[in-house]
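The block underneath contains the structure these notes are about, expressed in structure tokens.
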Amino acid sequence: MPTVSLPDGSSKTLPAGSSAMDLAEGIGKRLAQAAIAAVIDGKVTDLTLPLPEGADLKIKLLTDRDPEALEVLRHSCAHIMARAVLRLFPGSQLAFGPALENGFYYDIESPTPIREEDFPRIEEEMRKIIKASEPFERFERVTAEARSLVEGMGQKLKVEHIDEELCRQDSLSFYRQGEFIDLCRGPHLPHAGKVGAFKLMSLAGAYWKGDSSRQQLQRLYATAFFSQKDLDAYLKQLEEAKKRDHRLLGKQLHLFTISPLAGSGMILWMPRGALIRGILEQFLREELTRRGYSPVYTPHVGKLEMYRTSGHFPYYRDAQFPPLYQHPAASALDLCQYRLQAGVLDEARERDMVLFLSQACLVIPGYAEAVTQEGRIQATERLVEELLKIHSVDMPEYRQAKDTAGRAKALLNWLEQQEGYLLKPMNCPHHIQIYKAVPRSYRDLPVRLAEFGTVYRFEQTGELSGMTRVRGFTQDDAHLFVTPDQIESELLANIELVQLVLKTLGLTDYRVRIGLRAKGSDKYVGSDDDWNNAEASLIRVVKSLGMEYTAEEGEAAFYGPKIDFVVRDCIGREWQLGTVQLDYNLPKRFDLEYTGADNKSHRPVMIHRAPFGSMERFMGILIEHFAGAFPVWLAPEQVRVLTVSEKFNDYAKGVESRLREAGIRVTADLGPDKVGAKVRLGAMDKVPYLAVVGDKEVQAGAVTIRERGGADLGSMPVEAFIARVQGENTGRTLPKSST
RNA sequence: GCUAGCGUAGCUCAACGGUAGAGCACUGGUUUUGUAAACCAGCGGUUGUGGGUUCGAUUCCCACCGCUAGCUCCA
């Protein structure tokens, strides 16, 4: 007989086989009607499931006021949507249909593709299902039976999922709702009638099990709530959020532009945006000076050889602009070399390779047609031979090589002798050359080299997005070369710097992620010992600061683990801004050293860090954070002087020049418009202060200030106003709402 | 790169198998004004680009370019 204790501290003993629903009914009819699910010992479960035998279960009954209940509702609504789709699109294959933070989706493979114009009839079908208020009935089957059940339903993806993963379990659970049965862990609503409001949101592609080499399914995004009022509020909120979109505001406020002719993903900073960026950079420069950093400058391109040594060129090849070779044959040979070096590949790697070759626009005649691995390599080798012949390149080493590996080596040797450059994908190799230019003693460390360094990455077209994902961007980068016992104090100082930067801008809504390597993956370089040390250091430092964080495997850089500061944009997408990374590997690859107190040579450790991350991305996020209404110290136009009529233009010009001489960014609207129109324009341009001048102000030598947002600060002497603005400049004052 | 959708004046949008229209912005003029739009006139488009179907395409079809959402990727 289960004994249960409730959140109010009371406890009850129930007859064996009782469910949470029985418990609710025992407490009251209204509670039983309102109950959605139960939390039993911390786990959300169905109301109707018999309670486990055992003393003192902690039970909480969930109603539509609990956030966990909303998740249950959405998961159930995913089933309802899938059921509707199966009715309208017979033969559809179901994949996964989980709840999300703001809704849910279901991945579906339909014989006739679903289109957005089908949404109304899917919604109509869902309304019918909800109106019928049929219960969600749970049942279990031993795994073998479960498999034949889903097979009998013709749900091939579910069969695949059982074979690949679920077969390790003894039994599997299902939920039935009318004619619809779905393999599912649950929990679910008592019945479909609990769904108060829902809406299909969008349609997108998604790979089966998130694997880009598998088939692509259609993902139906939707959301659901307990009431229409909640849904309306959510939709309103989405609309409001869209008004903050930095792409919209960037255009409206003339902050930046992107021209397809200049290149997509290439941000062109317009004067107003550039002004803000300059102030941000100046702010950081002051902090860096205070912290013992040395500014450096390095060029936008570097020798290929340097990026071969660092590993960036081979590792991120397909995400870089193509290398710049002097020799006309070199680019093609380079790609062939890349393919030959890979050698015989397994199936998954061959898929990646085909993908890469197509992305790199490399056509190897006969490659696609070749059935075997050997055939593909032979096709590549034939192309190399043709290229060598056409370009009259004599490469005896290649001719004499006995096998593919030997030929790859020969090609590499030749390529390494060719003059080739790469658009800078990272600043670190350049900074490393600066470190190496001078013999270093332990007394010199830490060496902190800082640069606003612009880097270029060939992001996939589908990834480009405003200022947040671009192909050319400037990192507020620095590389610290430290002794092993300086690591933790420097990490600490840098995390604090990132925190200071975020706090100064009023960005408080971020999360901290420690990126660790994925165990068992071979995409990382360096020894296990170094990795273990590095990961342990990062975790220790973050813990010592008492910060909340998540440790995520597979989020490390290929050369080391990192701490990322992650924020969200106006539509909820997460972006990495500030980052602090620990690296034992590049110092090895470039053979860095310093002389220790023992007069012996030692290897420094590197810290890569960028508090803003990328100036472009940071600016994008900042525009959304302030909704374009930048605080006075950042506003490109701080004050606009408005004349009541053109009679006062001379006085206005005087005020304007006094403010400008005081270092304030000011303009004057001297046009023939009425003051109401000028105020409206100033408000739309989000100018923090509008200074109105007319007869009264001329008499008093004053300005009448209207604050952004409409507050009337009244009339004040020009000098008093100047002092106010200057105070906000030096204090980097934030508006009240964003502190 | 993949899936789906979109692309009309500087911006926001309308229309349509019979060679495009509004508001704002811009230019000129009238008005000289007190806190979110004074009035009048003018300028502005080979409907993203290139093909095809058609007597005729901006509209229908194809390719490319670009944008949007999501997926995959993200040093």
Side-chain angles (χ1 to χ4, degrees), chain A residues 105 107 113-117 201-221 242 245 247-248 251-252 254 257-261 263-265 307 310-313 315-316 318-320 352 354-356 358-361 425-429 455 457-466 468-469 475 477 515 523 525 555-560 562 564 571 573 575-576 579 581 583 586 608 610 642-649 671-684 690-697 704-707 710-712 715:
Chain A
Y105 67 78
D107 284 347
I114 301 165
R115 297 162 158 275
E116 262 178 56
E117 59 206 50
M201 303 297 288
S202 66
L203 186 64
Y207 297 104
W208 172 225
K209 296 204 170 186
D211 183 344
S212 59
S213 63
R214 292 204 182 198
Q215 75 259 45
Q216 200 162 27
L217 312 168
Q218 288 193 292
R219 178 170 292 180
L220 277 163
Y221 280 93
K242 273 190 193 153
D245 192 317
R247 291 164 296 193
L248 200 75
K251 193 184 268 184
Q252 262 170 29
H254 303 301
T257 188
I258 301 169
S259 144
L261 195 57
S264 32
Y307 290 104
S310 73
H312 291 107
F313 178 59
Y315 193 87
Y316 288 108
D318 50 341
Q320 276 162 127
D352 289 346
V354 170
L355 198 68
F356 165 66
S358 75
Q359 276 168 1
C361 300
M426 281 286 267
N427 298 304
C428 28
V455 296
R457 298 175 187 177
F458 195 76
E459 303 287 1
Q460 303 179 66
T461 49
E463 297 302 341
L464 299 174
S465 176
T468 46
R469 194 80 188 264
Q475 298 174 314
D477 210 356
K523 70 175 221 185
V525 297
E555 290 293 323
F558 76 94
Y559 50 74
K562 54 182 185 152
D564 292 329
I571 51 177
R573 291 179 292 206
W575 301 99
Q576 171 196 317
T579 184
Q581 313 179 349
D583 176 9
L586 287 182
H608 310 232
L642 314 180
T643 48
V644 168
S645 101
E646 286 173 307
K647 283 187 282 195
F648 311 109
N649 280 3
D673 286 339
K674 290 169 81 167
V675 76
K678 295 182 185 182
V679 166
R680 179 171 174 272
L681 280 177
M684 288 197 305
L690 300 178
V692 179
V693 298
D695 202 25
K696 278 181 289 182
E697 288 74 18
T704 296
I705 302 301
R706 181 195 157 107
E707 213 174 6
D712 181 6
S715 185

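Letters A, B, ... mirror the listed sequences (proteins, then strands); counts begin at 1. Only heavy atoms go into these numbers, but all of them, side chains included; no hydrogens, no water, no symmetry mates.
Between B/C55 and B/A41, the distance separating the two C1' atoms is 41 Å to the nearest Å. Separating the P atom of B/G1 from that of B/C64 is a span of 10 Å, rounded to the nearest Å. The separation of B/U68 from B/C16, taken at their C1' atoms, amounts to 25 Å, rounded to a whole angstrom. Comparing B/A20 with B/U3, their C1' atoms sit 34 Å apart, to the nearest whole Å. On the C1' atoms, B/U58 is 11 Å away from B/A15, given to the nearest whole Å. For B/C26 and B/U19, the P atoms lie 33 Å apart once the distance is rounded to whole Å. Rounded to a whole angstrom, the distance from the P atom of B/G48 to that of B/G66 is 16 Å. Look at the P atom in both B/U47 and B/C11: the space between them is 16 Å, to the nearest Å.
None of A/Tyr307, A/Phe458, A/Phe558 except one satisfies the side chain to side chain contact (heavy atoms under 4.5 Å, CB included) rule with A/Tyr316; the exception is A/Phe558.
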Show your working on salt bridge (charged side-chain N to carboxylate O under 4.0 Å, His left out) between A/Asp564 and A/Lys562 and close with a plain yes or no.
CA-CA 6 Å; A/Asp564 292 329; A/Lys562 54 182 185 152; 3.2 Å; yes

Going through the checks in order, is the side chain to side chain contact (heavy atoms under 4.5 Å, CB included) test met by A/Thr704 and A/Lys696?
CA-CA 9 Å; A/Thr704 296; A/Lys696 278 181 289 182; over 6 Å; no

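Of the candidates B/U33, B/A75, B/U35, B/U33 carries the atom nearest the A/Val644 side chain, counting heavy atoms from C-beta on. Out of B/A36, B/G34, B/C73, the shortest distance to the side chain of A/Met684 is found at B/A36. Of the candidate nucleotides B/U32, B/U35, B/C67, B/C67 has the atom lying nearest to any side-chain atom of A/Ser264. Of the candidates B/U68, B/A75, B/C11, B/A75 carries the atom nearest the A/Tyr559 side chain, counting heavy atoms from C-beta on. Nearest nucleotide to the A/Ala204 side chain, out of B/A36, B/G70, B/C74: B/G70. When each of B/C71, B/A75, B/A69 is scored by its nearest atom to the side-chain atoms of A/Ser202, the top-ranked nucleotide is B/A69. The side chain of A/Pro260 lies closest to B/G66 when the candidates are B/G66, B/A75, B/A69.
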Pairing string of RNA chain B (Watson-Crick or G-U wobble, both atom distances under 3.5 Å; | = paired to other strand) is (((((((..((((....[..)))).(((((.......))))).....(((((..]....))))))))))))....

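No contact: A/Gln252 has no heavy atom under 4.0 Å from any strand. Across all strands shown, A/Lys242 has no heavy atoms under 4.0 Å from either base or sugar-phosphate atoms. Within 4.0 Å (heavy atoms only), A/Ala557 reaches sugar-phosphate atoms of the nucleic acid but no base atom. Residue A/Tyr221 is in sugar-phosphate contact alone, with no base atom involved, counting any heavy-atom pair closer than 4.0 Å across all strands shown. Residue contacts for A/Ile571: at a heavy-atom cut-off of 4.0 Å it reaches the sugar-phosphate backbone alone, with no base atom in range. In this structure, A/Arg573 reaches the sugar-phosphate backbone alone: every heavy-atom distance under 4.0 Å involves primed, P, OP1 or OP2 atoms, never a base. Within 4.0 Å of A/Lys678, counting heavy atoms only, lies no atom of the nucleic acid at all. Within 4.0 Å of A/Gly210, counting heavy atoms only, lie sugar-phosphate atoms of the nucleic acid but no base atom. Residue A/Asp712 is classed as having no contact, given no heavy-atom separation below 4.0 Å to the nucleic acid. If you check every strand for non-hydrogen atoms under 4.0 Å, A/Thr704 touches a base. Among the protein residues, A/Ser212 comes within range of the sugar-phosphate backbone only, with heavy atoms under 4.0 Å from sugar or phosphate atoms but none that close to a base.
If you take CG on A/Leu642 and CG on A/Leu690, they are separated by 5.0 Å, rounding to the nearest 0.5 Å. A/His312 contributes atom NE2, which lies 7.5 Å from atom CZ of A/Arg457 (distance to the nearest 0.5 angstrom). Distance check, rounded to the nearest 0.5 Å: CZ of A/Arg469 to CD of A/Gln460 gives 7.5 Å. Atoms CZ and CG, on A/Arg219 and A/Leu203 in that order, are 11.0 Å from each other to the nearest 0.5 Å. How far CG of A/Asp245 is from NZ of A/Lys251: 10.5 Å, rounded to the nearest 0.5 Å. How far CG of A/Leu248 is from NZ of A/Lys242: 11.0 Å, rounded to the nearest 0.5 Å.
Whole-Å rounding puts the A/Tyr105 OH to B/C71 P distance at 8 Å. What separates CD of A/Glu116 from P of B/U68 is a distance of 16 Å, to the nearest Å. We find that CG of A/Leu203 is positioned 13 Å from P of B/C71, with the value rounded to whole Å.
Taking 4.0 angstrom as the limit, A/Arg115 places a side-chain polar atom (N or O) nearer than this to OP1 or OP2 of B/G5. Proximity of A/Arg469 to the phosphate of B/U68: no side-chain N or O atom is located under 4.0 Å from OP1 or OP2. Under 4.0 angstrom from either OP1 or OP2 of B/A36 there lies at least one side-chain N or O belonging to A/Arg706. Phosphate contact (OP1/OP2 of B/A75, side-chain N/O of A/Lys562, threshold under 4.0 Å): present. Within the structure, every side-chain polar atom (N or O) of A/Arg219 is placed at least 4.0 Å from both OP1 and OP2 of B/A69.
By the 6.0 Å contact criterion, CZ on A/Arg115 is open, its count of non-hydrogen atoms from other residues, nucleotides or ligands being 12 or less.
Residue whose closest nucleotide on RNA chain B sits further toward the 5' end, between A/Leu248 and A/Glu646: A/Leu248. Judged by closest nucleotide on RNA chain B, A/Leu217 is the one of A/Ser465 and A/Leu217 placed further toward the 5' end.
One N or O donor and one acceptor, one from the side chain of A/Glu697 and one from the base of B/G34, sit under 3.5 Å apart. With hydrogens and angles left out, the side chain of A/Gln218 and the base of B/U3 share no donor-acceptor pair within 3.5 Å.
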Protein-proximity profile, nucleotides 37-50 of chain B, B/S/- by nucleotide at the 4.0 Å heavy-atom cutoff, equals BS------------

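An aromatic stacking contact links A/Tyr316 with the base of B/A75, defined here by ring centres under 5.5 Å apart and ring planes under 30° from parallel.
At distances below 3.5 Å, not a single donor-acceptor pair connects side-chain atoms of A/Tyr315 with backbone N or O atoms of A/Ser310.
Looking only at side-chain heavy atoms (C-beta outward), A/Leu586 and A/His608 come within less than 4.5 Å of each other.
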